[in-house]
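Beneath this line is the structure, given in structure tokens, with notes to follow.
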Amino acid sequence: MRAACGVVQGAIAEIQGMLSLPSGYHRDLQLTKAPLFRGIDETLATTALVPLLTSGMQFDKDRMRSAITPGCFATDKAVELTAGGMPFRDAYRKVASELDGLAEGDADASLAARISPGGPGALDLAALRQRLNS
């Protein structure tokens with residue numbers, strides 16, 4: 001899967017190189033077909049591996065939770081200060097200077113604040129389907 005990324009990036013670079021040609025013979029763009037299909041084929045073959053890789057995956061939630069350190073909540077603290085009216089650059093500097101003494105935050109609340117409809121963890125496909133149908 002890691003190597004496939006290079007194949008797709010190569011196809012993208014090849015297409016971009018052809019699209020950046022100065023105006024001229026329009027049939028030059030026919031040459032974009034091969035890298036386009038090569039990139040698509042590689043992407044489809046690679047994504048077909050994802051279910052095999054993730055089907056047996058299990059997460060050790062206790063271990064994951066123990067890896068959360070107070071520093072993980074630095075952005076939350078900076079955003080909180082910004083919501084209170086402090087410019088972000090000042091909030092960033094303040095939190096950076098107090099990083100060692102930063103209090104541990106609530107991981108569940110922090111994650112819940114980052115979930116938005118349509119994103120991972122809240123796909124809300126029914127609402128999307130309803131919008132598409134209307």
Side-chain angles (χ1 to χ4, degrees):
M1 288 180 78
R2 291 183 305 178
C5 181
V7 172
V8 174
Q9 287 177 334
I12 291 169
E14 201 173 336
I15 292 168
Q16 288 174 332
M18 285 182 236
L19 294 178
S20 66
L21 292 172
S23 67
Y25 190 57
H26 72 282
R27 293 192 183 208
D28 287 341
L29 297 180
Q30 292 178 57
L31 297 176
T32 62
K33 189 174 183 178
L36 175 68
F37 286 127
R38 187 171 55 252
I40 290 171
D41 288 344
E42 193 66 37
T43 301
L44 292 173
T46 303
T47 55
L49 298 173
V50 173
L52 296 170
L53 293 171
T54 59
S55 64
M57 190 179 288
Q58 294 180 359
F59 298 100
D60 185 343
K61 292 182 181 181
D62 292 333
R63 188 170 177 194
M64 291 168 64
R65 211 168 268 292
S66 70
I68 299 172
T69 63
C72 293
F73 299 99
T75 303
D76 292 350
K77 183 64 177 173
V79 168
E80 181 183 311
L81 293 170
T82 303
M86 182 182 287
F88 186 79
R89 69 178 162 270
D90 296 336
Y92 175 87
R93 289 181 186 130
K94 179 176 174 52
V95 172
S97 69
E98 300 170 353
L99 199 55
D100 291 335
L102 198 61
E104 190 162 329
D106 179 2
D108 293 325
S110 181
L111 289 172
R114 283 162 181 73
I115 295 175
S116 59
L123 292 177
D124 204 7
L125 295 178
L128 180 59
R129 199 170 286 115
Q130 181 181 3
R131 285 182 63 193
L132 288 172
N133 289 334
S134 65

Apply the hydrophobic cluster definition, ILVMFWY joined by side-chain contacts under 4.5 Å directly or through others, and give me every member besides Val50. Met1, Leu49, Leu52, Leu53
Pairs touching residues 115-134 that satisfy side-chain hydrogen bond (donor to acceptor under 3.5 Å, both in side chains), sequence neighbours left out: none
Gly71 and Leu102 have their tightest heavy-atom pair at CA-CD2, 4.4 Å
Tell me the side-chain hydrogen bond (donor to acceptor under 3.5 Å, both in side chains) pairs involving residues 37-60, sequence neighbours left out? Glu14-Arg38
List in chain and number order the residues that pass side chain to side chain contact (heavy atoms under 4.5 Å, CB included) with Cys5, two or more places apart in sequence or in another chain; answer none if no residue qualifies. Gln9
Under a 3.5 Å distance rule, please check whether Ser110 uses its side chain to pair with a backbone N or O of Ala107 as donor and acceptor. no
Donor-acceptor contacts under 3.5 Å from residues 85-93 side chains, at least two apart:
none

Any chance you could measure Leu31, atom CG, to Leu36, atom CG, to the nearest 0.5 Å? 12.5 Å
In short, Ala74 meets Leu99 closest at the heavy-atom pair CB-CD1, 3.9 Å
Any chance you could measure Leu132, atom CG, to Leu125, atom CG, to the nearest 0.5 Å? 10.0 Å
Which residues satisfy the salt bridge (charged side-chain N to carboxylate O under 4.0 Å, His left out) test with Arg65, sequence neighbours excluded? Asp108
Given the rule that I, L, V, M, F, W and Y join up when any side-chain heavy atoms are under 4.5 Å apart, are Leu29 and Ile40 in one cluster? yes
